[in-house]
Peer 1: 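Below is a structure I'd like to ask you about.
Reminder, nothing fancy here: chain letters follow the sequence lines and each chain counts from 1. Small disclaimer: the values here were computed from a predicted structure and weren't measured.
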Protein chains: 2
Amino acid sequence: MSDKKKPANQTLRLDNQLCFALYSTSLAMTKMYKPMLDANGLTYPQYLVMLVLWEEDGLTVSQIGERLFLDSGTLTPLLKRMESTGLLLRLRDTEDERRVYVGLTAAGNSLRRTATDLPSCVQSLTGCSLSEIVSLSENIKAFRQRLMR
Amino acid sequence: MSDKKKPANQTLRLDNQLCFALYSTSLAMTKMYKPMLDANGLTYPQYLVMLVLWEEDGLTVSQIGERLFLDSGTLTPLLKRMESTGLLLRLRDTEDERRVYVGLTAAGNSLRRTATDLPSCVQSLTGCSLSEIVSLSENIKAFRQRLMR
DNA sequence: AACAATTTAATTGTGCGCAATATTAAATTC
DNA sequence: GAATTTAATATTGCGCACAATTAAATTGTT
């Protein structure tokens, strides 16, 4: 019985997979955010919804989904939880009653100020320069563009 | 009532967030893999476990977790599902009965051959050169290193 | 007007991801 | 050698993601 390792097929090696680099790094990023988001009563996907609404309030569920690349099966329960914690309101459009508009409450709006220093916290925790972060971010977004065609 | 947009706080803009670039691109990557993995009866996290075991069979749950940065709360039910679909076996160590070893079945091993052309499929679907993919992957992994310190 | 097609959101069910806790077993200490 | 500590896995509960389906309302066509 030799101590046989499989012939190291480079194409299938875990550490060569871009998908795993993305997957594991995204999860690591979420873990880094978690304590700061906990302090603000948000989960990470909820934080993303807030980023969208802080940019432009009063969007429909599907408009939020377009921005975040998430569907209603993900967003509906998430938005309901956020409504129950008082961050936003869900209002059915009276003109087209299929639509549901999502609007920030005063609490949701004021949370913006405390969240402002969150990205810089992350920057200092990683020890990366802004230009490094911007460059990596742009490269990843360019790759995402190609994936989504 | 002016058509007031919020002052465009650049630090909180969704499209400037590296975390969202990672998050959305990772999810997009998983969606790209999905049809190919479906054809092989695997989910994406299950595919990652297979990559680990194809490199080195007979690891414990925690060893798999170290490679994938996932904990037992994620892996235990996932491995049980994979056991029930016949890809692997879970065997408690008789020497230290706290350990559970995970070993591939013949079916799990043979799946490796059909999976070999999966990464190249992804490459052709994205239209990226190998060097582009390698470079992006290395940059992301270097960033992950910093996050995990 | 009637009816088909389209749009939008909600619902249902499965599989993660992870924190917190429990359980079990081995190792260490007293 | 009994008790404590440590280590490894399992369990529970919550919150996503997403496919598939359903429901409801608008639009388009005849």
Peer 1: Let me know the distance between CG of B/Leu27 and C1' of D/dC16, rounded to the nearest Å.
Peer 2: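 Checked: the CG to C1' distance equals 10 Å.
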
Peer 1: How is A/Leu70 classified with respect to the nucleic acid when contacts are heavy atoms under 4.0 Å: base, sugar-phosphate, or nothing?
Peer 2: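 Sugar-phosphate: the residue A/Leu70, judged by heavy atoms under 4.0 Å, touches backbone atoms but no base.
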
Peer 1: Nearest whole Å is fine: how far is C/dT14 P from A/Asp71 CG?
Peer 2: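 It is 17 Å, rounded to the nearest whole Å.
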
Peer 1: Can a salt bridge be assigned to the pair A/Arg67 and A/Glu56 using a cut-off of 4.0 Å between side-chain N and carboxylate O?
Peer 2: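 Not counted as a salt bridge, because no side-chain N and carboxylate O are separated by less than 4.0 Å.
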
Peer 1: Which whole-number value in Å describes the distance from A/Lys31 NZ to C/dA20 P?
Peer 2: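 Distance check: A/Lys31 NZ to C/dA20 P gives 13 Å.
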
Peer 1: Please compare A/Ala28 and A/Leu79 by the position of their nearest nucleotide in DNA chain C and report the one closer to 5'.
Peer 2: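 Nearest-nucleotide comparison on DNA chain C picks A/Leu79.
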
Peer 1: Expressed in angstrom and rounded to an integer, what is the separation of B/Phe20 atom CZ from D/dA17 atom P?
Peer 2: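 Computing the B/Phe20:CZ to D/dA17:P distance gives 11 Å.
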
Peer 1: Got A/Leu48 and A/Leu51 here, is their nearest side-chain heavy-atom distance under 4.5 Å?
Peer 2: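 Sidechains of A/Leu51 and A/Leu48: in contact.
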
Peer 1: When the distance from CG of B/Leu68 to P of C/dG15 is rounded to whole Å, what number comes out?
Peer 2: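 Going from B/Leu68 (CG) to C/dG15 (P), I get 19 Å.
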
Peer 1: Using 4.0 Å as the upper bound for N to carboxylate O, is an ion pair formed by B/Glu138 and B/Lys141?
Peer 2: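 Salt bridge present between B/Lys141 and B/Glu138.
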
Peer 1: Measure CG/B/Leu75 against C1'/C/dG17 and give the value in whole Å, please.
Peer 2: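 Taking atom C1' of C/dG17 as the reference, CG of B/Leu75 is at 10 Å.
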
Peer 1: Do A/Thr11 and B/Asp117 come within less than 4.5 Å of each other through their side chains, counting heavy atoms only?
Peer 2: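 No, every pair of side-chain atoms sits at 4.5 Å or beyond.
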
Peer 1: Within this structure, what is the CE-OG1 distance for the pair A/Met50 and A/Thr43, rounded to the nearest 0.5 Å?
Peer 2: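 Spacing of CE (A/Met50) from OG1 (A/Thr43) equals 11.0 Å.
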
Peer 1: Could you check how far CG of A/Leu48 sits from C1' of D/dA17, rounded to whole Å?
Peer 2: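 Computing the A/Leu48:CG to D/dA17:C1' distance gives 13 Å.
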
Peer 1: Reading nucleotides 7-15 of chain D from the 5' end, what letters show protein touch, with B for base, S for backbone sugar-phosphate only, - for no heavy atom under 4.0 Å?
Peer 2: BSSBB---S

Peer 1: With a 4.5 Å heavy-atom cut-off, do A/Asn139 and B/Ile140 have their side chains touching?
Peer 2: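 Side-chain contact under 4.5 Å: no.
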
Peer 1: Round to a whole Å and report the spacing from CG of A/Leu37 to P of C/dA19.
Peer 2: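 Between P of C/dA19 and CG of A/Leu37: 13 Å.
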
